[in-house]
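Here's the structure we're looking at; comments come further down.
Just so it is clear: chains get the letters A, B, ... in the order the sequence lines come, proteins before strands, and each one is counted from 1.
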Amino acid sequence: MIQTFFNFDIIVASWPIVMAGLLNTVLLSLIVVPLGLFGGLLLALLASIRHPLVRWPLMAWVDFFRAFPPLVLLILLFAGLPFAGLDLGGFACVAIAFFLNTGAYYGEIFRAGIESIPAGQVEAARSTGLGRLQALGYIVLPQAVRNVMPDLLSNTLEVVKLTSLGSVVAVPELLYQARQAQSLTYNPTPIVVAAIIYFLMLWPLVRLLSRLENRALAGRR
Amino acid sequence: MSTWDRFVDTFFNGKVMAKYLPDILSGMVVTIELAVLIVITGLGAGLALALIRSLAIRPLNWLIVFTVDLFRALPPLVIIVLIYFGLPYADLSFSGFVSTWLSLALVLMAFSEEIFWAGITSVHKGQWEASRSTGLSFGQTLMNVVLPQALRLTIPPLTNRTIAITKGTALGTVVAVTEILGEASSAMSNSYNPSPLMMGAAAYLVLFLPVVVLARRLERKFAWKR
């Protein structure tokens, strides 16, 4: 059993391939997480304009991406757009799909955070002479982000896990590289190693989240 | 042909759409079957684990917490690939459908156990003591006093997770499940035309948009603040 699923020789042989994948997963995450955060913040700021002409399309946008599987979005960009003469390549497709998809999720979280700050605080800030943007940047956002920190972290965990979708469009991230190594060696060890790497990489975040969630609940009692 | 006509002819080609509509519809049936199986088994297993955890048997609880952490940390696609491509080496072969079902049910189990557990612990200890002192047994207290309150609290976070994980049925296409995306992709390569993919995209919206809108309403109704 260990010879099959955790073969030492194969671990050694596939190590460089798997490590190259890990590096790409980390790089991909470092690109798509800030991209999603930026998109989300943009959406949340737009949502704070309480005009029906802004509010309704925004809600439809968010619901659309909550209903749409990210993999379908990715395939649509990767396999559909070339028919319109636009061949972006796997990496750009992942970046765009994630910007749209995770942006919508981050947007909902930021919106909830901003709405958790009482309007009186903005009024107070404005009456001391701060501009609208200053009140937002110095008073509302810092508190809003702190209030929704567990949700932001939990979504970030999901985004990092989602980078494994890149393997479907041949982005050489961790899962893709492990699959390559598996078919080269006719042995599942590289996939098991990749799974262990994912787990070790993300376990601390999962533990932290679990504790944050419990604390949030204790506060509600 | 104008650019617009060419665009419509490429992406919304009537002939191609008519030809592959039955395929997409059968894909929808598979997606619904998968989704229903995942939701029932995943939530059921999650609730069962949370109830076992409330018995407070130390070693068992460590095991539950570790299992939950494991399936929260692993990407669903990695679990699917591991079951579908890895297990056959141990002479244990599952079809793509079963691999996808098992993987996503395990992920939903992990997330829902956390949420159910949070709901159970949120019910004040005094309520446990009060109902036990009136003569209710541990099981009766759990069923009649704690769970009705706990489940109410779990609805908003639970609907969100359940939708996000059920959408993952599209991952089945990687292991040759003939759900919507799989049918749409093979129809696209057979017809050299992206119209089936557009139909597939529409099919997902038809299935999931009503659920998302319904979930939004439920969330409002059962919002955390009471």
Side-chain angles (χ1 to χ4, degrees), chain A residues 1 4-5 59 62-73 75-76 79-84 105 108 154 157-158 160-165 167-168 174-175 178-179 182-183 186-189 191-192 194-195 198-207 209-210 213-214 216-218 220-221, chain B residues 7 10-11 65 68-70 72-79 81-82 85-90 114-115 117-119 121-124 153 157 160 163-164 167-171 173-174 180-181 184-185 188-189 192-194 197-198 200-201 204-205 207-213 215-216 224-225:
Chain A
M1 206 64 165
T4 314
F5 286 98
M59 209 137 133
V62 169
D63 278 355
F64 179 87
F65 286 108
R66 273 179 78 184
F68 213 62
L71 183 59
V72 180
L73 190 61
I75 300 284
L76 212 56
L81 277 187
F83 284 96
Y105 278 88
E108 277 289 282
S154 143
L157 170 70
E158 293 308 304
V160 175
K161 282 158 61 179
L162 221 51
T163 56
S164 61
L165 293 190
S167 67
V168 181
L174 186 50
L175 179 60
R179 287 287 315 273
Q182 177 222 355
S183 48
Y186 297 104
N187 186 291
T189 303
I191 307 181
V192 175
Y198 272 116
F199 180 64
L200 292 181
M201 188 166 63
L202 297 175
W203 199 17
L205 190 53
V206 171
R207 278 282 91 228
L209 269 170
S210 192
E213 281 159 11
N214 278 339
L217 244 140
R220 255 180 263 273
R221 264 175 229 169
Chain B
F7 174 79
T10 309
F11 285 92
V65 171
V68 166
D69 280 3
L70 182 67
R72 272 184 85 172
L74 286 183
L77 187 56
V78 173
I79 306 171
V81 166
L82 214 51
F85 294 103
L87 285 189
Y89 289 94
E114 280 277 300
I115 296 171
W117 175 245
T121 50
S122 76
V123 177
H124 199 281
L153 279 174
N160 242 330
I163 294 172
K167 278 193 321 189
T169 50
L171 297 178
T173 188
V174 177
I180 299 172
L181 183 60
S185 304
M188 180 171 69
S189 39
Y192 297 107
N193 184 291
L197 200 55
M198 303 307 283
Y204 277 106
L205 289 182
L207 285 187
F208 284 105
L209 209 47
V211 184
V212 168
V213 173
R216 211 185 248 288
W224 274 104
K225 45 185 185 281

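Within the model, atoms CG of A:L76 and OH of B:Y204 stand 11.5 Å from one another, a figure rounded to the nearest 0.5 Å. With rounding to the nearest 0.5 angstrom, the CZ atom of A:R66 is 5.5 Å from the CD1 atom of B:I163. Between A:Y198 atom OH and B:L82 atom CG the span is 12.0 Å, to the nearest 0.5 Å. A:F199 contributes atom CZ, which lies 7.0 Å from atom CG of B:L74 (distance to the nearest 0.5 angstrom). To the nearest 0.5 Å, atom CZ of residue A:F64 and atom CG of residue B:L209 are 8.5 Å apart. Rounding to the nearest 0.5 Å gives a distance of 11.5 Å between CG of A:L202 and CG of B:L70.
Nearest heavy-atom pair, A:F65 versus B:K167, reported as atom, atom and distance to 0.1 Å: O-NZ, 3.4 Å. Nearest heavy atoms, B:Y192 versus A:F83: O-CE2, 3.2 Å. In terms of heavy-atom proximity, A:W203 sits nearest to B:A73 at N-CB, 4.3 Å. When all heavy atoms of B:A170 and A:L71 are compared, the pair lying nearest together is O-CD2, 3.4 Å. Between B:L77 and A:S164, the shortest heavy-atom distance links the atoms CD2-O, 3.5 Å.
A:T189 meets the side-chain hydrogen bond (donor to acceptor under 3.5 Å, both in side chains) test with A:N187; sequence neighbours excluded. Residues forming a side-chain hydrogen bond (donor to acceptor under 3.5 Å, both in side chains) with B:E114 (at least two apart in sequence, or on another chain): A:S210, B:R72.
Listed options A:D63, A:I191, A:V192, A:V160 were ranked by heavy-atom pairs under 4.5 angstrom with chain B; first place goes to A:D63. Of the listed residues (A:L81, A:L73, A:I75), the greatest number of heavy-atom pairs within a distance under 4.5 Å of chain B belongs to A:I75. The most heavy-atom pairs under 4.5 Å with chain A, out of B:V211, B:I79, B:N193, come from B:N193. For chain A, the option among B:P88, B:A201, B:S189, B:P194 with the highest count of heavy-atom pairs below 4.5 Å is B:P194. Between chain A and the options B:N160, B:T169, B:V174, heavy-atom pairs under 4.5 Å are most frequent for B:N160. Among the candidates B:V68, B:V212, B:V213, B:V81, the residue making the largest number of heavy-atom pairs closer than 4.5 Å to chain A is B:V212.
With a 4.5 Å cut-off on non-hydrogen atoms, A:L209 touches chain B through its side chain but not through its backbone. For a residue to count as touching a neighbouring chain, one of its non-hydrogen atoms must lie under 4.5 Å from one of that chain's; by this rule B:F11 touches chain A with the side chain only. Interface remark: B:T173 contributes side-chain atoms only to the contact with chain A (heavy atom separation under 4.5 Å). Proximity to chain B (any heavy atom under 4.5 Å) is shown, for A:M201, by neither the backbone nor the side chain. Contacts of B:L197 with chain A are made by both backbone and side-chain atoms, with heavy-atom separations under 4.5 Å. Of the atoms belonging to B:L171, heavy atoms from both backbone and side chain fall under 4.5 Å from chain A.
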Decide yes or no on side chain to side chain contact (heavy atoms under 4.5 Å, CB included) for A:V62 and B:R216, but give the supporting numbers first.
CA-CA 11 Å; A:V62 169; B:R216 211 185 248 288; 4.1 Å; yes

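With A:K161 contributing its side chain and B:V78 its backbone, the two residues share no donor-acceptor pair below 3.5 Å.
A cation-pi arrangement is present between A:R179 and B:F85, with the terminal nitrogen or guanidinium carbon under 6.0 Å from the aromatic centre and inside a 45° cone about the axis.
Side-chain contact between A:L175 and B:P75: absent, with no pair of heavy atoms (C-beta onward) separated by less than 4.5 Å.
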